[in-house]
Amino acid sequence: MKNAEAAELLQNIADMLEIKGESPFRVRAYREAARAIETLAEPIEAVAERDELEEIPGVGESIAAKLAEYLETGTLAYYEDLREQVRPGLAELLEVPGIGPKKAKLFYEQLGIDSIEKLEKAAREHKLRTLPRIGPKTEEGILNAIERLRGRSGRTPLGIALPAAREFLEIVRGLKDVRQADLAGSLRRGRDTIGDLDLLASSDDPARVVDQFVALPGAKSILAHGPTKGTIVTAEHLQIDLRVVKPEEYGAALQYFTGSKAHNIHLRALAEAAGYKVNEYGVFRTSDDRRVAGETEKGVYQTVGLEWIPPELREDQGEIEAAASGDLPDLVELADIRGDLHLHTDWSDGRDSLEQMVEAARARGYEYVVISDHSVSMGFVHGLTLERIQEQRGRIVELNERYPDIRILHGTEVNIRADGSLDYEDEVLAEFDVVTASVHSGMGMDRERMTRRILRAVRNPHVDILGHPTGRILGKREPYEVDLQAVIRAAAESGTALEINAQPDRLDLKDTDARLVAEAGAMVAINSDAHSVEQLGLLEYGIATARRGWIERKHVLNALPLEQLLRRLGRPTTPARYALAA
DNA sequence: GCCGTTTTCGGCCCGACTGTTTTCAGTCG
Ligand SMILES: Nc1nc2c(ncn2[C@H]2C[C@H](O)[C@@H](COP(=O)(O)OP(=O)(O)OP(=O)(O)O)O2)c(=O)[nH]1
Ligand SMILES: [Mg+2]
Ligand SMILES: [Mg+2]
Ligand SMILES: [Zn+2]
């Protein structure tokens, strides 16, 4: 899969064109194409193979030809040419916050600066301030920006950013004169990683709120401080943007600040065609500049002829068209989830006892819960031997008698071996209520073998769910090479569900993969994979991911009521008796 | 460079904050 690589190539071209002073629209075209390829659910090679590159929105004749050349030969003549014209190191300067194409060009042409290293040196020696429109503050700002760049480690996983953002949100809500406050930006859209924390507030005196915000003890440095917005950096190197508007502007501001950028641009272009101007203060009729909406988000969308669009869909991936024609999906919600199908206990690598995990599931109001400890070959996490399976089943029978308000199902997270066979014999698997099969080793396998391996597991009649189907760990491990389309097709045929594992460092399947599942008519299971009682709450992240993947309740295995779930799994609907289990 | 129920040519979202400016360019959201 060369999507990330191809997207980066286009981004590099965009950077160089920008430094060259090319048309901003041309630059934007390259960035848009890069974004489209980055979020493409299938390998770009496969699209190129079918000769369908131009079908990708944002990719036209010219970029399609460049991509084809790059994918075929591994290089791109146009790019090599550009690198002759624009010193490659110059693009690196754009990574420094506050440095754009104009300053990069200026620094290179006047001082020969073509690396962050050289930029830092020049700033320290006060050479920058000799240049036009560059003073001591800019120089100082550049040094600080370089330091920040080195201190931070890319995008933050949602699982870290969201709790931190909620803490700050409560602080903001407590500031004097604040009326309302909410999360916005990528947090509100539920992206798996977050660039910065975007918070929105309303107040009759916005400037006073911003003043209080930047004066908070949590603000280790202040990057911007104006009458309507402020930006701070926390000790943990998280950047927080707060935007503050008047109460009557809140809806328009929330729409703006939730984004995404691409969604906003599309919405605003659509509005203009309909005779309106949209900004963060409201919707204005072009003819007389009268404000006709802005108090609520819904009003903003309705005024331009759209249904209200759930934030998770706002990526300009077809949601605006769907909203225009009334075809938005009815997205799954946390309240639709009837049970968690993937929990671990201290019988394998979980922290808490079987009973504690069941209590936690009851506390969440679940109708059913599946205990799915690891299988025998996972010796290092105490995978269950045949004897311990029987023993655990006995415990579950007891617990079912003790807790009639929840049905406890006996499952397993069975290891998929290198050849696609499973860790337990068929007779053993048949005794479980729910079987989740997952890959936990041999992930470096080539695409063909890995696909065969996983297909075999998916088609195994005993397997109900394929666990964390691509194996990615955010920031640590790339997804394995696998033909996911083939896996999804097989899942649709065999009735095996594909998991959306809600562990925030996994979120696997990811959003765009999940959308393929829905389109293929297969099902997903949204599971916490909890290893402790509090981790049942991680399901929230899986729900966000599912919603971003246009998943509806009807696509979700664990949104089924118990009876229907068991029927679908081909299991008897009454609890096992102890005698039968023993 | 892309794209089309207003266009195959001529548009392409709209605004805040900073620093350095004597009137606004650059950068970012
Ligand atoms: N209209 C418009 N809105 C923008 C633009 N750039 C950003 N926004 C809006 C939409 C974004 O979701 C919101 C917050 O900006 P961010 O840069 O923080 O982006 P976002 O949070 O979406 O992603 P992130 O995870 O922070 O990288 O501001 C723009 O160029 N035009
Ligand atoms: Mg953001
Ligand atoms: Mg932001
Ligand atoms: Zn697990």
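Naming convention: chains lettered A, B, ... in sequence-line order (proteins, then strands); numbering from 1 in each chain.
Checked against B/dG15, B/dG1, B/dC13, the side chain of A/Lys66 finds its nearest nucleotide in B/dG1. Among B/dA25, B/dC17, B/dG29, the nucleotide with an atom closest to any side-chain atom of A/Thr228 is B/dC17. Relative to the side chain of A/Glu280, the nucleotides B/dC2, B/dG26, B/dG15 differ in distance, and B/dG15 lies closest. Minimum atom distance to the side chain of A/Asn279 is reached by B/dG15, of the listed B/dC12, B/dG15, B/dG1. Closest to the A/Phe257 side chain, of the nucleotides B/dA16, B/dG29, B/dG1, is B/dG29. Minimum atom distance to the side chain of A/Ser23 is reached by B/dG1, of the listed B/dT27, B/dT20, B/dG1. Comparing B/dC17, B/dT27, B/dG19 by their nearest atom to the side chain of A/Lys229 picks out B/dC17. Relative to the side chain of A/Asp198, the nucleotides B/dC14, B/dG29, B/dG1 differ in distance, and B/dG29 lies closest. Considering only the side chain of A/Lys103, B/dT27 comes nearest among B/dC13, B/dG15, B/dT27. Among the nucleotides B/dT18, B/dA16, B/dT20, the one closest to any side-chain atom of A/Tyr281 is B/dA16.
If you check every strand for non-hydrogen atoms under 4.0 Å, A/Ile134 touches sugar and phosphate atoms only. No engagement by A/Asn264 is indicated, since no non-hydrogen atom pair under 4.0 Å with the nucleic acid exists. At the heavy-atom level, A/Val59 lies under 4.0 Å from the strands shown only through sugar-phosphate atoms. Residue A/Tyr256 is classed as a base contact, given a heavy-atom separation below 4.0 Å to a base. In this structure, A/Pro206 reaches neither bases nor backbone, as no heavy-atom distance under 4.0 Å exists between it and the strands shown. A/Glu32 comes within contact range of no nucleotide atom at all, as no heavy-atom separation falls under 4.0 Å. Note on A/His266: nothing from the nucleic acid sits closer than 4.0 angstrom, heavy atoms only. As judged by a 4.0 angstrom heavy-atom cut-off over every strand, A/Pro24 is placed among residues making no nucleic acid contact. The residue A/Ile265 sits close to a base: some heavy atom pair falls under 4.0 Å.
Between A/Tyr78 and A/Tyr30, the ring planes are parallel. Angles under 30° get that label, and only those over 60° would be called perpendicular.
Residue A/Ser62 has a polar side-chain atom (N or O) positioned under 4.0 Å from OP1 or OP2 of B/dG1. OP1 or OP2 of B/dG15 has at least one side-chain nitrogen or oxygen of A/Lys277 nearer than 4.0 Å.
The CD-P distance, from A/Glu321 to B/dC3, rounds to 13 Å in whole Å. Rounding to whole angstrom units, CZ of residue A/Arg31 and P of B/dC28 are separated by 10 Å. At whole-Å resolution of the value, CZ in A/Arg291 and P in B/dG15 are 13 Å apart. Put simply, CZ on A/Arg28 is 11 Å from C1' on B/dC14, counting in whole angstrom units. Between the CD1 atom of A/Ile13 and the P atom of B/dC2 there is a distance of 11 Å, given to the nearest Å.
In this structure, B/dT8 forms no base pair with any nucleotide, since neither Watson-Crick nor G-U wobble geometry is met with both distances under 3.5 Å.
Nearest heavy-atom pair, A/Ala104 versus A/Leu90, reported as atom, atom and distance to 0.1 Å: O-CD2, 3.6 Å.
By the 4.5 Å heavy-atom criterion applied to side chains, A/Leu71 and A/Lys2 are counted as neighbours. Here the side chains of A/Ile44 and A/Ile56 are in contact, with some heavy-atom distance below 4.5 Å.
Using atom C1' as the reference point in both B/dT7 and B/dC12, the two lie 13 Å apart (nearest Å).
Along DNA chain B, the nucleotide closest to A/Lys261 and the one closest to A/Ala273 are compared, and the more 5′ of them pairs with A/Ala273. Along DNA chain B, the nucleotide closest to A/Glu54 and the one closest to A/Gly135 are compared, and the more 5′ of them pairs with A/Glu54.
With A/Asp511 as the fixed residue, the salt bridge (charged side-chain N to carboxylate O under 4.0 Å, His left out) test singles out one of A/Arg191, A/Arg548, A/Arg547: A/Arg548.
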